Protein chains: 2
Amino acid sequence: MVAQPSPPALPRGRRDARGERRRAELLDAAIDLIGAQGIDGVTHRAVAAAAGVPAASTSYYFRSKDELIHEALRTLAEREIERLRERRAALGDAVADLDETTEALAAWIEEQLTPAGRVAMLAQYQLQLEAARRPEAREILQAWKDGTDDLSETAMRSLGASDVRTSGILLVCAIDGLRLRLLASGHAPLEGDELRGVLRALLVGLTAGRPKRV
Amino acid sequence: MVAQPSPPALPRGRRDARGERRRAELLDAAIDLIGAQGIDGVTHRAVAAAAGVPAASTSYYFRSKDELIHEALRTLAEREIERLRERRAALGDAVADLDETTEALAAWIEEQLTPAGRVAMLAQYQLQLEAARRPEAREILQAWKDGTDDLSETAMRSLGASDVRTSGILLVCAIDGLRLRLLASGHAPLEGDELRGVLRALLVGLTAGRPKRV
DNA sequence: AAATGTCTTGGACAACTGTCCAAGTCCTGT
DNA sequence: ACAGGACTTGGACAGTTGTCCAAGACATTT
């Protein structure tokens, strides 16, 4: 019996730091592809080419294409959740001004309309559609959603909203719909001031809502 | 020179009613596939199988897969635009109550959470993502967007909102984000009354917004 | 009934895909 | 220095894909 040179393409115990790095590069490339071409743009060969490595690499680091995609989506969510945590921490318990919140939101959205931001956004929406079909993707999305809801609630609280849960959800949904509209239309409309006007109206509406019960 | 039996798979002038019907069936099958499996679930063979016709049919009626997909998305949009027009006409210029508008919105959303509604919704969001990448899809979406904006503005006007353009856009975006959230989470949350509570809060906010200018 | 076009369809083809292998390289602990 | 394991990679394989063709079925007009 010949000594098996390595586990048959199942990197169970990874030791090498190189390997870890290459794996991360492959995931980066996969995330970019998801954003730029859609989930089905992710093929072993395309990912390898985008990462500048030989084609067989992807098969070595991931048991299957499904696992590769799953890990890519998980990594994407992980990163974004980390960002949410930072923003949440920065917000703290301070009382916020309506104008500065408007400005912060607008700046955040505009940042996402850069080419790189667009790709990241597209990948995120792709994940949402995937979650609508596959429960595994839904699990990935869950923590992300909790993060955005939490951040949004905090923002509404610091604006003095009455029902922070409801208005928090509404803020998340409205922003999500707005971003998708900007994406889908090539973000031609709602430039600069108009974006701010819409955001301001939204925040005004959500804070002015009386604590009415149903 | 042998007499060419037919234009080489380019059905320029269609006469036969049979052909028109089969073409429509293929488009139906393609739309369903887009919703159920995503745009890349659309393959010549899968569409033909779903429509219950031989595989070569799709190549006869559509010059390429791209055209098949494009036509399917166009048909999807066409149908939905027609529905929007009906609703718009039903709304008319009447003054609406906040409660009945809430109920109408909730009923409409709940109708979309049925299995068939889910598939249609998924196809729509797929089109939005496609539009983010391809200008051709953007053209398809344009008329649809105009229709929803128009309906939404009308609704806000009949609720007595001050700035119907801004609040109309916000209503569209919030509903769009809300539907996506319901889709992505398997619409477990926001059942029944909570959905109505959120919708009501949204409408209250959008109508209570003072006519503030930036 | 014959002609003229559309429609129908089984089969073929090259290109691409996911996956796997076998032989090599490199690093690390001893 | 050397052994053992992780890493690397070119190539191969079968399955799926988009597209096309050629031969026939069908309908309608002449």
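Residue numbers start from 1 in every chain, and the chains themselves are labelled A, B, ... in the order their sequence lines are given, proteins ahead of strands. These numbers were taken from a predicted model, which means no experiment stands behind them.
Rounded to an integer number of Å, the gap from CZ of Arg21(A) to P of dA6(D) is 18 Å. Atom OH in Tyr61(B) sits about 8 Å away from atom C1' in dT8(C), given to the nearest Å. Atom CD1 of Ile69(B) is separated from atom P of dT17(D) by 13 Å (rounded to the nearest Å). Between the CD atom of Glu20(A) and the C1' atom of dA6(D) there is a distance of 12 Å, rounded to whole Å. Regarding Phe62(A), its CZ atom lies at a distance of 17 Å from the C1' atom of dC20(C), rounded to whole Å. Atom NZ in Lys65(A) sits roughly 12 Å away from atom C1' in dT16(D) (whole-Å rounding). Residue Arg23(B) contributes atom CZ, which lies 17 Å from atom C1' of dT8(C) at whole-angstrom precision.
Closest of all the heavy-atom pairs between Tyr125(B) and Leu129(A) is CB-CD2, 3.7 Å.
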Could you walk me through whether Arg88(B) and Asp150(B) pass salt bridge (Lys or Arg N to Asp or Glu O under 4.0 Å), step by step?
-> CA-CA 8 Å; Arg88(B) 165 66 217 260; Asp150(B) 186 29; 3.0 Å; yes
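Taking only side-chain atoms of Ala56(A), from C-beta outward, the nucleotide of dT9(C), dG10(D), dT19(D) with the closest atom is dG10(D). Of the candidate nucleotides dT8(D), dT19(C), dT19(D), dT19(D) has the atom lying nearest to any side-chain atom of His44(B). If you check dT8(D), dC20(D), dG18(C) against the side chain of Ser59(B), the one that comes closest is dC20(D). Among the nucleotides dT17(D), dC20(C), dT9(C), the one closest to the side chain of Arg45(B) is dT17(D). Nearest nucleotide to the Tyr60(B) side chain, out of dT8(C), dT19(D), dA6(D): dT8(C).
If you check every strand for non-hydrogen atoms under 4.0 Å, Val42(A) touches sugar and phosphate atoms only.
Taken to the nearest 0.5 Å, the CG atom of Leu159(B) stands 11.0 Å off from the OG1 atom of Thr154(B).
At least one side-chain nitrogen or oxygen of Arg22(B) sits closer than 4.0 Å to the OP1 or OP2 atom of dT9(C).
Within the 4.5 Å cutoff, side-chain heavy atoms of Ile31(B) are placed close to those of Arg79(B).
Under the salt bridge (charged side-chain N to carboxylate O under 4.0 Å, His left out) rule, Glu71(A) has a single partner from Arg23(A), Lys65(A), Arg63(A), which is Arg23(A).
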